[in-house]
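As structure tokens, the structure follows; a few thoughts come after it.
Numbers here simply count residues along the sequence, with the first being 1. Because only heavy atoms are used, hydrogens play no part in the values below, and waters and symmetry mates are left out as well, while side chains stay in.
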Amino acid sequence: MKRLITAGILSSLFLFAGVAQAATVISATGSNGNFVTTLENKVSAGVDANQPLADVGGTAISDSSYFTTKGYSYIEFALSGDSLDTTPVRILPPVPAFDQSKFQMWAFSPVDSKWYDVNALGFGDPEGIPLNLALGISPVKLYVLGTESGTFPTTVKLVNTAGSADPSDDVLVSETSVDLSVTAPVTNSEGESYLTLSAAVAGTNDGGTVELHKNLTTSAQVTVSKPLTINGNDFTLASPFAKTDNSNNSAIGIINTNNVTINNLIVNGTDSPTGSTGLHGINVFQSSGVNLNTVTTSNYGHAGVVVNASTVTVNNVTTANNIWGGINVDKGTVSFPAMLTVNGVSHHTESTAIWKDDNSNANVSVVDTNNQYTSATYTHDAGIIGTIYTLKAIVSQADPVVEIVNPTAPVTVTIDSGTVNPELDVSSLVDDITGIGTLPQITIESNTMNVVISAATVVNGGAGWDGVIDAPTIVSAPTIVADSGNTATAVLAIEVGAGDTPLTFSKAVRLALAGQAGNLVGWSQAGAFHQINATCSADDQTTMDTELADGADCKTVNGADLVVWTKHFTTFVTYTQTAIPTAPSSGGGGGTSAARKAINLASLQGSANVGAGQVLGAFTGPEETSFQVDSAQIVAVKTQLVALIKQLISLLQAQLAAAVTSGTY
């Protein structure tokens with residue numbers, strides 16, 4: 001099957017000087033230029049009569065579609081001379097002459113300001129072009145345009161015309177032997193080549209693979225209605241056309257099929273319209289098993305990706321500057337549920353990263369595998385409630401700063417464990433002179449403290465504040481002022497804000513210190529410590545906005561967390577207190593002090609109460625610094641000792657009498 005294909009890539013190039021004038025050569029750059037774009041720009045700006053685009057025979061071209069419809073691509077050569085003179089030179093048509101339906105070689109002459117098809121005419125007027133200073137400084141470029149793939153050996157010759165149009169007067173100056181390696185813009189797993197992605201998709205068998213080898217432009221929707229893999233190889237599919245109907249409403253439509261995979265493709269809607277004729281980037285309709293891996297959709301008037309009654313998995317997806325938002329998940333049915341699964345690392349510039357229109361539809365779902373998004377409900381279309389998913393900002397040691405630029409889009413910032421000096425840059429929302437700005441809803445998540453700043457909160461850092469907020473960071477504990485008669489021990493100190501630069505907020509900010517319930521809490525700034533003693537009457541935004549005075553704080557408990565509501569940022573510290581022991585009282589008399597423990601020996605009634613190895617009077621309870629024994633206990637002990645001694649004496653007397661009687665003493 002014969003396919004017309006395009007692209008020009010110089011593979012191997014060998015240069016050598018001719019015999020007549022070794023100082024003048026044809027060389028090759030081997031790099032792709034911007035030839036097609038240059039031609040289109042010339043046409044769109046209007047064809048200058050002094051710089052016409054010449055077709056075969058020198059006919060002017062006034063429509064850039066001449067090039068785009070043929071799908072031409074190019075490689076680039078240059079003509080130069082290392083000793084400048086006025087020798088009239090001409091480039092002969094390539095040998096062998098290319099089939100005009102497969103190849104063309106074009107050049108723009110800076111001498112007469114015309115484009116020439118070198119295949120037919122050679123380059124330059126029949127009498128030749130003087131090799132002058134302009135050519136030496138700015139080499140003439142030749143563009144080889146191919147419409148068939150393969151490797152084609154050819155020779156380009158530079159001749160001295162001697163100012164004569166008679167070919168018999170030509171003298172060889174230099175020649176270049178070139179292997180032209182031309183690659184198709186699109187190929188498939190069956191070894192076929194195509195000019196367009198649509199043609200490649202249509203010509204590839206079920207389960208096959210389509211490969212892009214260059215950037216492409218499509219003038220209508222590329223419809224995929226069979227199991228297929230498209231490898232974009234990081235090239236771009238541009239789609240500068242308008243929607244005509246639902247069969248032509250996106251750059252790529254995956255329609256009524258299954259098991260379609262698109263890898264490493266950029267789909268770009270620059271120059272496509274907005275409004276009712278706007279496009280989606282990729283529209284998936286009633287299809288299952290669709291995978292979009294490292295796919296980017298950007299600059300569309302509608303959604304970047306639509307999951308319409310389909311099952312789609314995206315991995316490392318990027319959406320940017322799409323007017324409706326990033327990904328729409330909608331209109332699932334029992335037979336065709338709409339399910340989006342998000343894997344990898346996502347990137348979105350839109351405030352609405354993902355949205356579903358109707359939460360009451362049980363057949364519509366979003367699975368956020370890596371917990372990259374926060375969600376919030378919204379109401380639209382006569383009370384229908386949907387969900388908007390907003391991408392969290394991940395702050396890590398590799399990227400410790402997140403920039404917040406949208407004053408209305410909610411932002412969730414997650415601080416990776418071990419990140420040093422994490423920061424939120426809100427400078428674009430803050431006045432450079434006053435240091436005052438309005439913030440969107442900002443949620444900061446970390447292992448130690450979660451922070452919630454409500455939407456439309458005004459922050460004031462004063463003149464000179466750079467608009468950078470330090471995210472919660474564990475720091476060394478400041479000096480803590482304990483209650484009188486107590487010592488304080490710090491448990492956790494966390495800085496949030498701007499160091500010693502006071503940051504105040506028009507609305508209450510919620511700080512949840514993880515696992516700190518039961519501890520005391522205070523804050524420190526510029527060396528001054530302040531306890532937070534007030535208890536919050538409620539743990540909700542509306543109440544705290546109303547009840548909390550400017551610069552004030554209160555505390556409450558939520559499960560294992562200690563919650564602080566505040567209208568300022570600084571260093572917050574949790575701590576415990578221990579009472580300082582009272583010193584022993586001086587002077588006589590007195591009973592037992594409540595702060596001390598007296599040793600009670602009243603239980604020692606007789607020798608039977610003293611166990612082997614027991615130390616009489618030893619205290620085995622909590623350690624005390626002092627103790628007292630009252631007089632009554634002393635008398636009791638004395639009485640017990642006297643009785644014990646009398647018993648021992650009586651026992652000894654009896655034993656002695658028995659010994660005397662028996663004569664055994």
Mind checking whether [X] and [Y] have side chains closer than 4.5 Å, heavy atoms only?
| X | Y | result |
| --- | --- | --- |
| Q541 | W565 | yes |
| T218 | T196 | no |
| Y300 | S250 | no |
| Q372 | L391 | yes |
| P227 | T257 | yes |
| L492 | I474 | yes |
| V284 | V307 | no |
| Y373 | V342 | yes |

Spacing of [X] atom [atom1] and [Y] atom [atom2] [to the nearest 0.5 Å]:
| X | Y | atom1 | atom2 | value |
| --- | --- | --- | --- | --- |
| D466 | I469 | CG | CD1 | 10.0 Å |
| L212 | T236 | CG | OG1 | 9.5 Å |
| T438 | D431 | OG1 | CG | 10.5 Å |
| D399 | T419 | CG | OG1 | 9.5 Å |
| T414 | N371 | OG1 | CG | 7.0 Å |
| L237 | L197 | CG | CG | 6.0 Å |

So which atom in [X] and which in [Y] form the shortest heavy-atom distance, rounded to 0.1 Å?
| X | Y | value |
| --- | --- | --- |
| Q441 | T443 | NE2-OG1, 4.0 Å |
| N291 | G289 | ND2-O, 3.4 Å |
| A200 | V186 | CB-CG1, 3.3 Å |
| I415 | S446 | CB-CB, 4.0 Å |
| G344 | N370 | O-ND2, 3.1 Å |
| P240 | T217 | CD-CG2, 3.7 Å |

Problem set entry | Audit row: S239, L279, side chain to side chain contact (heavy atoms under 4.5 Å, CB included) steps and yes/no | CA-CA 9 Å; S239 53; L279 299 175; 4.3 Å; yes
Measure from the side-chain N and O atoms of [X] to the backbone N and O of [Y], and report whether any donor-acceptor pair falls under 3.5 Å.
| X | Y | value |
| --- | --- | --- |
| Q397 | V420 | yes |
| N361 | G332 | yes |
| Q221 | N249 | yes |
| D358 | S360 | yes |
| D540 | T543 | yes |
| Q286 | N308 | no |
| S428 | V426 | no |
| T473 | A471 | yes |
| H302 | G275 | yes |
| T377 | G386 | no |

Problem set entry | Contacts of K555 that satisfy salt bridge (charged side-chain N to carboxylate O under 4.0 Å, His left out) - sequence neighbours left out | none
For this session: Would you please name every residue forming a salt bridge (charged side-chain N to carboxylate O under 4.0 Å, His left out) with E445, sequence neighbours left out?
Result: K392
Problem set entry | Full working for side chain to side chain contact (heavy atoms under 4.5 Å, CB included) between D330 and V306 | CA-CA 8 Å; D330 199 12; V306 174; 5.9 Å; no
Problem set entry | Atom CG of N421 with >12 non-hydrogen neighbours under 6.0 angstrom | no
Problem set entry | Name of the residue among N359, T387, T352, D357 meeting side-chain hydrogen bond (donor to acceptor under 3.5 Å, both in side chains) with Y378 | D357
Seminar exercise, completed: Given the options N264, T261, N231, N263, N293 meets side-chain hydrogen bond (donor to acceptor under 3.5 Å, both in side chains) only with N263
Problem set entry | Residue pair F569, V451: steps toward the side chain to side chain contact (heavy atoms under 4.5 Å, CB included) verdict | CA-CA 11 Å; F569 274 175; V451 180; 3.9 Å; yes
For residues 505-515, run the donor-acceptor check on the side chains, cut-off 3.5 Å, and write out each pair with its distance to 0.1 Å, sequence neighbours left out.
unit_1, atom_1, unit_2, atom_2, d
S506, OG, V458, N, 2.8
K507, NZ, A455, O, 2.8
R510, NE, D539, OD1, 3.0
R510, NH2, D539, OD2, 2.9

Exercise. Do H348 and Y389 have their ring centres less than 6.0 Å from each other?
Worked result: no
Problem set entry | Residues V496, F572; criterion side chain to side chain contact (heavy atoms under 4.5 Å, CB included); working and verdict | CA-CA 8 Å; V496 58; F572 294 87; 4.0 Å; yes
For this session: Check each of T313, N316, D368 against N343 using the side-chain contact (heavy atoms from CB on, under 4.5 Å) test, and report the only one that passes.
Result: T313
